[in-house]
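The structure appears below as structure tokens.
Keep in mind it's a predicted model, so treat the numbers as computed, not measured.
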Amino acid sequence: MPADDPSQAEISKKTARPRATYAAAGVDRDRTAQAREKIKLTARRSFNKNVLSELGGYAGLFSLDTEKFPDPVLVSSADGVGSKLQLAGELGQHAAIGADLVNHCVNDIAVQGATPLFFLDYFAAGEIDPAIVQQVVSGMVDACKANGCALIGGETSEMPTLYRGKEYDLAGFIVGVASRSRLVSGDGIEEGDVLLALPSTGLHTNGYTLARKLLFQEAKYRADQYINEIGDKVGAALMRPHRSYLSVIRKLMQAECVRAFAHITGGGLSENLPRILPKGMAAQVELTSWEQPPLFTHLKNLGSMDNEEMFRTFNMGIGLVAVVPAPLLKKARLTLSRSNERCMVIGRVVRGPQRKVTYI
């Protein structure tokens with residue numbers, strides 16, 4: 001072989017491709033591990049004596065108190081917070097969105113008569129920012145503590161090919177329990193029962209895609225801009241928390257004056273009230289029975305929307321509806337008054353061939 005011919009080793013060295021790594025593909029395992037360590041420290045604040053595991057294992061362990069809940073029925077739900085996430089990211093209000101997620105899930109099982117036990121979350125981002133993760137988890141933990149449940153696990157995932165930059169998605173899963181005899185189903189709803197409503201604090205976690213389009217794209221508002229028609233800055237009005245109704249529901253159940261509850265979420269009154277109505281029953285709602293908050297009125301005007309679309313998209317200022325037998329209405333109102341809770345009668349249960357809401 002001629003002296004100036006390259007050796008096989010030199011040829012291999014020049015033509016070899018760089019070694020593939022997860023980091024080169026966009027996933028930083030060290031950064032994700034740092035975020036997980038922050039989650040562990042934060043989540044422990046929500047632990048109680050029933051939590052039997054630490055975060056970081058393959059599964060969370062929770063001991064069920066069968067003395068407190070004889071003949072127990074587990075009640076579960078999963079949900080997200082939709083495009084409210086985008087606004088929370090723009091405003092840096094990550095803890096608020098964590099609390100919203102927990103409260104939404106708590107309400108969904110509380111209306112069935114369940115006590116929340118534990119919560120799990122799913123956090124996915126293009127690039128994990130440990131500081132953002134900690135804020136989100138901190139909000140979830142505070143809400144879990146307020147609702148008497150524990151954050152016992154979840155998943156944190158970095159997916160740069162699915163999400164852009166620090167953009168993230170968030171979902172939650174909750175498990176609660178009720179004694180079988182204390183489950184609330186709505187089967188006993190009768191004609192003439194009263195629809196007693198409790199106000200929402202704002203949009204809660206529904207209708208944000210349309211609200212953002214109307215306020216930011218159509219009206220060209222800024223998040224920090226004060227709007228007279230709303231009576232607040234746009235961002236502040238949109239970020240009002242999705243409140244928990246757990247304590248209210250418990251008090252009404254203890255007073256034994258309610259047949260069923262409806263959590264008014266996606267689909268508004270139009271789609272949520274029929275979910276609890278038995279066959280042969282419908283709901284009649286009086287539009288003038290409560291004052292709709294100015295945010296909803298302004299959205300309606302900006303979009304030239306009709307009532308049908310508004311009531312299927314937004315909660316219209318109502319977050320929870322209790323179905324109360326007419327003879328027990330005074331008792332229900334007194335129970336709420338003692339807790340400084342506002343309420344209003346918005347309609348009645350009537351007979352009807354379809355489970356639907358009629359507005360009068």
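Here the side chain of Lys220 pairs a donor or acceptor atom with the backbone of Gln217 at under 3.5 angstrom. Between the side chain of Gln93 and the main chain of Ala88, no donor-acceptor pair closer than 3.5 Å is present. Of the possible donor and acceptor atoms, none in the side chain of Ser77 sits under 3.5 Å from a partner among the backbone N and O of Cys105. Between the side chain of Asn206 and the backbone N or O of Gly267, no donor-acceptor pair lies under 3.5 Å. With hydrogens and angles ignored, the 3.5 Å screen pairs a side-chain donor or acceptor of Thr313 with a backbone N or O of Glu309. Side chain of Asn315 to main chain of Ile264: no donor-acceptor pair is present (N/O by atom type, distance under 3.5 Å, no hydrogens or angles). A donor-acceptor distance shorter than 3.5 angstrom exists from the side chain of Tyr359 to the backbone of Ser270, with no hydrogens or angles considered. The closest donor-acceptor contact from the side chain of Gln254 to the backbone of Lys251 lies at 3.5 Å or more, if one exists at all. Side-chain N or O atoms of Asn272 include one that pairs as donor or acceptor with a backbone N or O of Gly268 at under 3.5 Å. Proximity of a side-chain donor or acceptor of Asp121 to a complementary backbone N or O of Thr156 within less than 3.5 Å is not detected.
Interatomic distance, CD of Gln135 versus CE of Met140, reported as 12.0 Å (0.5 Å rounding). In this structure, CG on Asn50 lies 6.5 Å from CG on Asp65, to the nearest 0.5 angstrom. Asp224 contributes atom CG, which lies 9.0 Å from atom CG of Leu91 (distance to the nearest 0.5 angstrom). To the nearest 0.5 Å, the span separating CZ on Phe47 from SG on Cys149 amounts to 12.0 Å. Atom CG in Leu273 sits 14.5 Å away from atom CE in Met281 (nearest 0.5 Å). Atoms OG and NE2, on Ser138 and His94 in that order, are 12.5 Å from each other to the nearest 0.5 Å.
Pro116 is listed as a side-chain neighbour of Leu246, based on a closest heavy-atom distance under 4.5 Å. With a 4.5 Å cut-off on side-chain heavy atoms, Val345 and Leu195 do not count as touching. Residues Leu252 and Phe261 have side chains in contact (heavy-atom distance under 4.5 Å, counting atoms from C-beta outward). With a 4.5 Å cut-off on side-chain heavy atoms, Leu198 and Arg342 do not count as touching. Leu320 is listed as a side-chain neighbour of Val111, based on a closest heavy-atom distance under 4.5 Å. Two residues are said to be in side-chain contact when any heavy atoms from C-beta on lie closer than 4.5 Å; Leu183 and Val75 meet this criterion. The shortest distance between side-chain heavy atoms of Leu328 and Arg333 does not fall below 4.5 Å. Residues Leu302 and Glu218 have side chains not in contact (no heavy-atom distance under 4.5 Å, counting atoms from C-beta outward).
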Go through it in stages, so that I can follow the logic: the residues are Arg250 and Glu256, the test is salt bridge (charged side-chain N to carboxylate O under 4.0 Å, His left out), and I'd like the CA-CA distance, side-chain angles, deciding distance and then a yes or no. CA-CA 10 Å; Arg250 280 177 172 167; Glu256 298 184 336; over 6 Å; no
Under the side-chain hydrogen bond (donor to acceptor under 3.5 Å, both in side chains) rule, what do Asp108 and His263 come out as? Steps first, then yes or no, please. CA-CA 6 Å; Asp108 279 351; His263 181 205; 2.7 Å; yes
Does Lys166 form a salt bridge (charged side-chain N to carboxylate O under 4.0 Å, His left out) with Asp129? I'd like the steps, not just the answer. CA-CA 7 Å; Lys166 296 180 181 180; Asp129 184 328; 3.0 Å; yes
Applying side-chain contact (heavy atoms from CB on, under 4.5 Å), run through Gln86 and Tyr208 and close with a yes or a no. CA-CA 9 Å; Gln86 292 177 279; Tyr208 276 83; over 6 Å; no
Stepwise side-chain contact (heavy atoms from CB on, under 4.5 Å) check, Ile132 with Glu127: CA-CA 11 Å; Ile132 291 177; Glu127 178 186 323; over 6 Å; no
Kindly indicate, with the supporting measurements, whether the criterion side-chain contact (heavy atoms from CB on, under 4.5 Å) is fulfilled by Asp187 and Arg259. CA-CA 8 Å; Asp187 290 343; Arg259 295 197 202 273; over 6 Å; no
Does Phe123 form a ring pair (Phe, Tyr, Trp, His ring centres under 6.0 Å) with Tyr168? I'd like the steps, not just the answer. CA-CA 7 Å; Phe123 184 102; Tyr168 64 90; 4.8 Å; yes
Between Phe314 and Leu210, does the side-chain contact (heavy atoms from CB on, under 4.5 Å) criterion hold? Intermediate values first, please. CA-CA 10 Å; Phe314 303 112; Leu210 179 56; 4.0 Å; yes
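Between Val324 and Cys257 the shortest heavy-atom distance is CG1-O, 3.2 Å. Contact between Phe296 and Gly317 at its shortest, heavy atoms only, is CE1-N, 3.4 Å. Residues Ala150 and Val51 come closest through the heavy atom pair CB-CG2, 3.7 Å. Of all heavy-atom pairs spanning Ser244 and Asn147, the tightest one is OG-OD1, 2.7 Å. Of all heavy-atom pairs between Trp290 and Met316, the closest is NE1-O, 3.0 Å. Scanning all heavy atoms of the two residues, the minimum distance from Met344 to Ile318 falls at CE-CG1, 4.2 Å.
Linking Ile, Leu, Val, Met, Phe, Trp and Tyr residues whenever their side-chain heavy atoms come within less than 4.5 Å leaves Leu334 and Val194 in two separate clusters. Connection of Leu170 to Leu87 is not established within any shared hydrophobic cluster, with ILVMFWY side chains joined at heavy-atom distances below 4.5 Å, either directly or through further cluster members. Each of Val177 and Leu61 belongs to its own hydrophobic cluster when Ile, Leu, Val, Met, Phe, Trp and Tyr are linked at side-chain heavy-atom distances under 4.5 angstrom. Residues Ile276 and Val285 share a single hydrophobic cluster, defined by chaining ILVMFWY side chains whose heavy atoms lie under 4.5 Å apart. If you chain together hydrophobic residues whose side chains sit under 4.5 Å apart, Val73 and Val184 never meet in one group.
Arg212 and Glu90 are joined by a salt bridge, as a carboxylate oxygen and a charged side-chain nitrogen come within less than 4.0 angstrom of each other.
Note: His204 and His242 have parallel aromatic rings, judged against thresholds of 30 and 60 degrees for the angle between ring planes.
For NZ of Lys331, the number of neighbouring non-hydrogen atoms (other residues, nucleotides, ligands) closer than 6.0 Å is greater than 12.
Within the structure, the salt bridge (charged side-chain N to carboxylate O under 4.0 Å, His left out) test picks out the following pairs touching residues 70-88 (sequence neighbours left out): Asp71-Arg180, Lys84-Asp100.
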